[in-house]
Amino acid sequence: YKRQSQPHGARGFGRRASIAPRTRPPGPGPALCSRRADAGRHALTDESTDRETRLAWGILAAGFVASRIGAAGLFGVTFDDGPLVWFWQYVDPVLLERDALRSVYYHHAQPPLFNLYLAGVLKTCGGQAPACFAASYHGFGLALHAALFALLLRIGAGRWIALATTLAFAFTPASLLYEHWLFYTYPVATLLVVAAVLVHRSIAGGGRKRDLLALSATLVAVVLTRSLFHLAWLAGALALVAWPLRARWRRTVACASLPV
């Protein structure tokens, strides 16, 4: 038996001298703690912002409904479907009910989309067509005000300023009366505001396919509803959107041309 030699300075301490002392692992530094605190504050801020945004949307919906109930109850505003019978822009209601497609095909004075809408409501609702027209126009109005609110938020208006502006528009005579008149003015206004929102989404989002397709389809619906907006207007509008996205011009042109 040969005793193993120990290194200098470790004699007399046995095996314990070769064991390194145990130390507690270092805790998070000040920078890490600061980042965690900032992340927590941002999460609370985002949650508060989301809550305020939902509240603003709820107030907008309630204000819109209140304005329509008030207009009917206080001022007797009711839906006027008289243009269906005597406006020259519309195909005769009897033909719309019995032979809509051929009648619209041979009616060259107006684009076909609004007459097809009239025919669809007349065929689907029958004797309840006036109520269905009124309900659909209230839907146009709600979509118009929601798109207006979203557009104001997107261009940088404060949440409550955008809400106040949209509610002020909801109570204007123009908004109330055009919503109760069976003419294509109100649906076209709704489509144009929705198109403005989609223009901002398309450019700010870098030309996502779904945004470009939705924008092009909305602009085509405008052209097919009112003759004032023709193919040259459609081409110009799409060109204005495509110019900021010229780095991806192939995808932009393809998505914008598909609904056309």
Side-chain angles (χ1 to χ4, degrees), residues 57 60-61 64 89-90 100-101 104 107 109-121 124 132-157 162 165-166 169-170 172 174-175 178-179 181-260:
W57 280 105
L60 175 62
F64 175 81
Q89 289 92 343
Y90 303 158
L101 292 179
V104 171
H107 184 69
Q110 287 292 308
L113 190 58
F114 196 76
N115 276 294
L116 291 175
Y117 156 76
L118 297 175
V121 174
T124 303
C132 293
F133 283 129
S136 62
Y137 265 66
H138 289 318
F140 291 143
L142 184 60
L144 170 60
H145 289 78
L148 178 60
F149 180 60
L151 179 62
L152 291 173
L153 291 178
R154 283 187 162 272
I155 62 177
T165 303
T166 307
F169 175 72
T172 58
S175 175
Y178 275 106
E179 191 175 313
W181 188 38
L182 186 59
F183 200 53
Y184 47 59
T185 304
Y186 207 64
V188 169
T190 302
L191 290 171
L192 290 175
V193 178
V194 171
V197 176
L198 292 172
V199 166
H200 192 280
R201 281 177 57 94
S202 299
I203 296 176
R208 290 188 295 261
K209 293 181 180 179
R210 61 179 183 271
D211 295 333
L212 292 171
L213 287 172
L215 171 61
S216 181
T218 303
L219 296 178
V220 168
V222 172
V223 172
L224 293 177
T225 302
R226 187 165 185 173
S227 58
L228 177 65
F229 302 93
H230 41 75
L231 291 178
W233 175 85
L234 175 63
L238 292 177
L240 288 176
V241 177
W243 177 253
L245 303 174
R246 57 188 179 277
R248 302 178 178 179
W249 66 271
R250 289 187 179 85
R251 186 177 69 175
T252 301
V253 172
C255 293
S257 303
L258 186 60
V260 179

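No hydrogens, no waters, no symmetry mates; every other heavy atom, side chains included, goes into these values.
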Student: Measure the spacing between OG1 of T165 and CG of L148 and express it to the nearest 0.5 Å.
Tutor: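 Atom-to-atom, T165:OG1 and L148:CG are 8.0 Å apart.
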Student: Quick check: do Q110 and S227 have side-chain heavy atoms less than 4.5 Å from each other?
Tutor: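 In contact.
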Student: Is there a side-chain contact between S136 and Y117 (heavy atoms, below 4.5 Å)?
Tutor: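 Result yes, sub-4.5 Å side-chain heavy-atom pair found.
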Student: Is any side-chain heavy atom of N115 closer than 4.5 Å to one of Y90?
Tutor: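 The answer is yes; the side chains approach within 4.5 Å.
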Student: Distance from L213 atom CG to T218 atom OG1, nearest 0.5 Å?
Tutor: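 With rounding to 0.5 Å, CG (L213) is 10.5 Å from OG1 (T218).
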Student: Please give me the minimum heavy-atom distance between A100 and A119, naming the atom from each residue.
Tutor: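 Looks like CB-CB, 3.6 Å.
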Student: Starting at CG of L198, measure out to CZ of R210 and round the result to the nearest 0.5 Å.
Tutor: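 Going from the CG atom of L198 to the CZ atom of R210 covers 11.5 Å.
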Student: Measure across P112 and V104 and return the closest heavy-atom pair with its distance rounded to 0.1 Å.
Tutor: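 Looks like CB-CG1, 3.4 Å.
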Student: Look at the aromatic rings of Y137 and F114 and report parallel, tilted or perpendicular, splitting at 30° and 60°.
Tutor: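 Perpendicular: the ring planes of Y137 and F114 meet at over 60°.
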Student: How far apart are the closest heavy atoms of A196 and L151, and which atoms are they?
Tutor: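 Distance-wise, the nearest heavy atoms are CB-CD2, 3.9 Å.
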Student: Which heavy atom of L245 sits nearest to which heavy atom of G206, and what is that distance?
Tutor: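 Nearest heavy atoms, L245 then G206: CD2-C, 3.8 Å.
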Student: Do I155 and L152 make a side-chain contact, defined as non-hydrogen atoms from C-beta onward lying under 4.5 Å apart?
Tutor: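 Yes. Closest side-chain heavy atoms under 4.5 Å.
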Student: Looking at G141, is its backbone amide N or carbonyl O close enough to the side chain of H145 to form a donor-acceptor pair, meaning the two atoms are under 3.5 Å apart?
Tutor: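 Yes, the answer is positive, given that a donor and an acceptor are paired below the 3.5 Å cut-off.
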Student: Are any side-chain N or O atoms of T190 and backbone N or O atoms of F140, one a donor and one an acceptor, separated by less than 3.5 Å?
Tutor: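 Here the side-chain-to-backbone pair exists.
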Student: Is the shortest side-chain heavy-atom distance between Y184 and L113 below 4.5 Å?
Tutor: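 Result no, sub-4.5 Å side-chain heavy-atom pair not found.
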Student: Less than 4.5 Å apart, any side-chain heavy atom of T166 and any of F64?
Tutor: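 The answer is no; the side chains never approach within 4.5 Å.
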Student: Which pair of heavy atoms, one from S202 and one from L215, lies closest together, and at what distance?
Tutor: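 Closest approach of S202 to L215, heavy atoms only: OG-CD2, 4.1 Å.
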Student: Determine whether more than 12 heavy atoms belonging to other residues, nucleotides or ligands lie under 6.0 Å from atom CG of L101.
Tutor: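 It does not: L101 CG has 12 such atoms or fewer within range.
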Student: Does the side chain of V199 reach to within under 4.5 Å of the side chain of L240, using non-hydrogen atoms?
Tutor: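 Not in contact.
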Student: Examine distances only and state if a side-chain atom of S216 and a backbone atom of L212 form a donor-acceptor pair shorter than 3.5 Å.
Tutor: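 Between the backbone of L212 and the side chain of S216 there is no qualifying donor-acceptor contact (under 3.5 Å).
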Student: Please say whether more than 12 non-hydrogen atoms of neighbouring residues, nucleotides or ligands are located less than 6.0 Å from OH in Y178.
Tutor: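 No, not enclosed.
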Student: CH2 of W243: more than 12 outside heavy atoms within 6.0 angstrom?
Tutor: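 Atom CH2 in W243 is not crowded, with 12 or fewer foreign heavy atoms closer than 6.0 Å.
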